[in-house]
Protein chains: 2
Amino acid sequence: MRADARRNVERVLKAAEELFADEGLSVPVDMIAARAGVGVGTLYRHFPTKEALFTAIVVAHLESLSARARDLAASEPGEAFFTFLREMGEMAARKRDLADILARAGLFTVETCPVKQQLQEQFETLLERAQAAGAVRPDVTGDDVTALLMGACLTGGEHGQPAADVMVSVICDGLRADHRR
Amino acid sequence: MRADARRNVERVLKAAEELFADEGLSVPVDMIAARAGVGVGTLYRHFPTKEALFTAIVVAHLESLSARARDLAASEPGEAFFTFLREMGEMAARKRDLADILARAGLFTVETCPVKQQLQEQFETLLERAQAAGAVRPDVTGDDVTALLMGACLTGGEHGQPAADVMVSVICDGLRADHRR
DNA sequence: TGACAACCGGAACGGTGGTTCCGTATCCTG
DNA sequence: CAGGATACGGAACCACCGTTCCGGTTGTCA
């Protein structure tokens with residue numbers, strides 16, 4: 001592989017990471033190329049499609065979350081679940097692409113990236129453990145919680161992340177089983 | 001106004017109401033026209049723009065919510081707020097267009113329809129009253145609550161409304177002040 | 001019933017965004 | 001340093017959507 005080619009891949013990845021995080025997955029390809037200082041043709045030689053590009057980036061985020069979930073699997077069930085939820089919310093509020101991916105299941109890359117599948121399973125395990133321990137109300141599903149969290153991050157993300165903190169904390173409180181009288 | 005013209009307006013309104021409710025505001029104009037059994041030209045003769053069309057529809061929903069808010073203004077603060085929240089959530093879960101409008105403030109019709117402004121003020125009043133009465137935690141803003149609720153309706157709306165019930169109830173619980181220890 | 005104004009359908013336009021293509025520039029090897 | 005493979009830029013292409021336009025149709029009134 002030629003040296004300038006490798007350098008351009010780096011540039012594109014950097015530009016894409018920044019833009020996806022700030023603007024979400026809907027940012028135009030041309031803009032990413034412009035930010036990277038290359039033409040769209042160059043971008044497309046290294047990434048066959050736009051989806052491939054943001055998959056490459058989002059997978060890293062998903063893996064870091066997945067690793068964190070694995071770590072927390074050993075802690076006390078309730079504590080583990082809520083800690084993970086808070087961290088996931090914080091991350092999603094900062095990276096719009098993450099929120100986009102986690103929220104709109106069918107739109108892009110469902111089975112394309114197995115990491116997402118894996119993360120969802122880990123998340124569900126954390127939730128079920130917390131429910132079994134009586135820390136979380138038993139009638140919510142994993143999808144419910146993700147939707148709640150991502151909704152807060154996506155719609156609240158307009159004004160910035162400070163608001164997301166409050167919303168995540170409201171969600172956490174609402175999920176605690178002992179709050180239902 | 002000719003008879004067939006009036007009849008076509010009716011058809012378009014009916015088709016738009018159904019499609020907006022089911023698919024959200026992003027449904028193409030052509031599809032609405034097709035469902036109404038008319039050409040796009042006909043649609044555009046009666047509604048100058050797509051926005052005008054869904055404004056015509058959504059305003060009805062907003063007004064019904066606004067009326068409900070007015071009614072509840074007399075009830076006990078906490079009760080009033082949570083009742084309204086639940087009803088708003090239920091309605092938004094059933095009508096995607098409503099959720100779209102309430103969620104994305106800047107995208108469409110901000111000052112175009114004063115009803116929305118009015119509703120937001122009423123909502124904020126309900127919230128502040130509930131907070132003053134100690135029924136709702138004091139650190140959430142009206143925007144926070146709307147974002148939370150609309151996020152749940154929009155991202156959860158994929159699978160249907162049953163899930164939305166649970167999510168709204170989680171939000172309600174999380175908002176109660178006495179739940180924070 | 002005839003004729004005109006109102007109305008209709010849908011093809012065409014303009015803009016946006018993803019993807020492709022090709023003439024040109026650049027890197028690397030001999 | 002020369003020649004060819006490799007990579008580059010960005011114009012061109014295609015699909016989608018909101019909107020406009022115009023030749024044909026249809027309701028209505030005399």
Side-chain angles (χ1 to χ4, degrees), chain A residues 1-58 96-97 100-101 104 106-110 112-113, chain B residues 1-58 96-97 100-101 104 106-110 112-113:
Chain A
M1 194 179 193
R2 250 166 61 173
D4 56 345
R6 193 185 322 275
R7 202 196 45 202
N8 279 331
V9 174
E10 290 306 317
R11 283 190 186 174
V12 168
L13 278 173
K14 184 159 174 293
E17 171 149 15
E18 293 169 1
L19 282 178
F20 281 145
D22 292 350
E23 320 276 346
L25 296 178
S26 58
V27 59
V29 174
D30 313 33
M31 212 165 285
I32 298 174
R35 173 111 164 204
V38 299
V40 272
T42 301
L43 190 155
Y44 271 93
R45 194 155 322 95
H46 297 301
F47 302 92
T49 179
K50 186 186 179 183
E51 181 174 343
L53 177 55
F54 69 64
T55 294
I57 287 170
V58 140
R96 275 198 72 156
D97 49 355
D100 278 350
I101 280 280
R104 300 196 264 275
L107 191 52
F108 287 119
T109 149
V110 197
T112 312
C113 70
Chain B
M1 194 178 195
R2 251 167 59 172
D4 56 345
R6 193 186 322 275
R7 202 197 44 198
N8 279 331
V9 174
E10 289 307 316
R11 283 190 185 175
V12 168
L13 277 173
K14 183 158 174 292
E17 172 148 16
E18 295 169 359
L19 281 178
F20 281 145
D22 291 351
E23 320 276 347
L25 297 179
S26 58
V27 60
V29 174
D30 313 35
M31 213 164 283
I32 299 174
R35 172 110 165 206
V38 300
V40 272
T42 302
L43 189 155
Y44 270 92
R45 193 154 323 93
H46 298 300
F47 301 92
T49 179
K50 185 185 179 182
E51 180 174 343
L53 177 55
F54 70 64
T55 295
I57 286 171
V58 138
R96 274 198 72 153
D97 48 354
D100 279 350
I101 280 281
R104 301 196 263 274
L107 192 51
F108 287 118
T109 150
V110 197
T112 313
C113 70

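By convention in this document, chain letters (A, B, ...) are assigned in the order of the sequence lines, proteins followed by strands, and residues within each chain are numbered from 1.
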Quiz item: Over how many whole Å does the gap from A:Asn8 atom CG to C:dA25 atom P extend?
Solution: 17 Å
Quiz item: How many Å lie between CZ on A:Arg45 and P on C:dC22, as a whole number?
Solution: 13 Å
Sub-3.5 Å pairs of nitrogen or oxygen atoms, protein against nucleotides 15-18 of chain C:
residue: C:dG18; atom: OP1; partner: A:Lys50; partner atom: NZ; Å: 2.6
residue: C:dG18; atom: OP2; partner: A:Val29; partner atom: N; Å: 2.8

Quiz item: Minimum heavy-atom separation for B:Asp100 to B:Leu25, with atom names?
Solution: OD2-N, 2.9 Å
Exercise. On DNA chain D, check which nucleotide each of B:Gly41 and B:Met1 is closest to and give me the residue with the more 5' one.
Key: B:Gly41
Exercise. Report yes if some heavy atom in the side chain of A:Met31 is under 4.5 Å from a heavy atom in the side chain of A:Arg35; otherwise report no.
Key: no
Quiz prompt | From A:Leu53 atom CG to A:His46 atom NE2, the distance as rounded to the nearest 0.5 Å | solution = 11.5 Å
Quiz item: Roughly, in whole Å, what's the span from CZ in B:Arg7 to P in D:dT26?
Solution: 11 Å
Quiz item: Between atom CG in B:Leu19 and atom P in D:dG18, what is the gap in whole Å?
Solution: 12 Å
Quiz item: What nucleic acid atoms does A:Ala33 come within less than 4.0 Å of, heavy atoms only: base, sugar-phosphate, or nothing?
Solution: nothing
Quiz item: Rounded to the nearest Å, what distance is computed from the CD1 atom of residue A:Ile32 to the C1' atom of nucleotide C:dT19?
Solution: 14 Å
Practice problem: Grab the CG-C1' distance between A:Leu43 and C:dT20 for me, whole Å please. | Solution: 13 Å
Self-check item: Nearest heavy-atom neighbours spanning B:Ala56 and B:Phe47
Solution: CB-CE2, 4.5 Å
Self-check item: Side-chain-base donor-acceptor pair under 3.5 Å for A:Arg2 and D:dA7
Solution: no
Quiz item: Under 4.0 Å between a side-chain N/O of A:Thr42 and OP1 or OP2 of D:dA7, yes or no?
Solution: no
Quiz item: Any side-chain N or O of A:His46 under 4.0 Å from OP1/OP2 of D:dA7?
Solution: no
Quiz item: Charged N to carboxylate O under 4.0 angstrom, B:Lys14 versus B:Glu10?
Solution: no
Quiz item: Does some side-chain heavy atom of A:Val29 sit less than 4.5 Å from a side-chain heavy atom of A:Tyr44?
Solution: yes
Quiz item: Rounded to the Å, how far apart are A:Asp4 CG and D:dT6 C1'?
Solution: 8 Å
Self-check item: Closest approach of A:Lys50 to A:Val27 (non-hydrogen atoms, all atoms of both residues)
Solution: NZ-O, 2.9 Å
Quiz item: Which sits closer to the 5' end of DNA chain C, A:Val40 or B:Val38, going by the nucleotide each is nearest to?
Solution: B:Val38
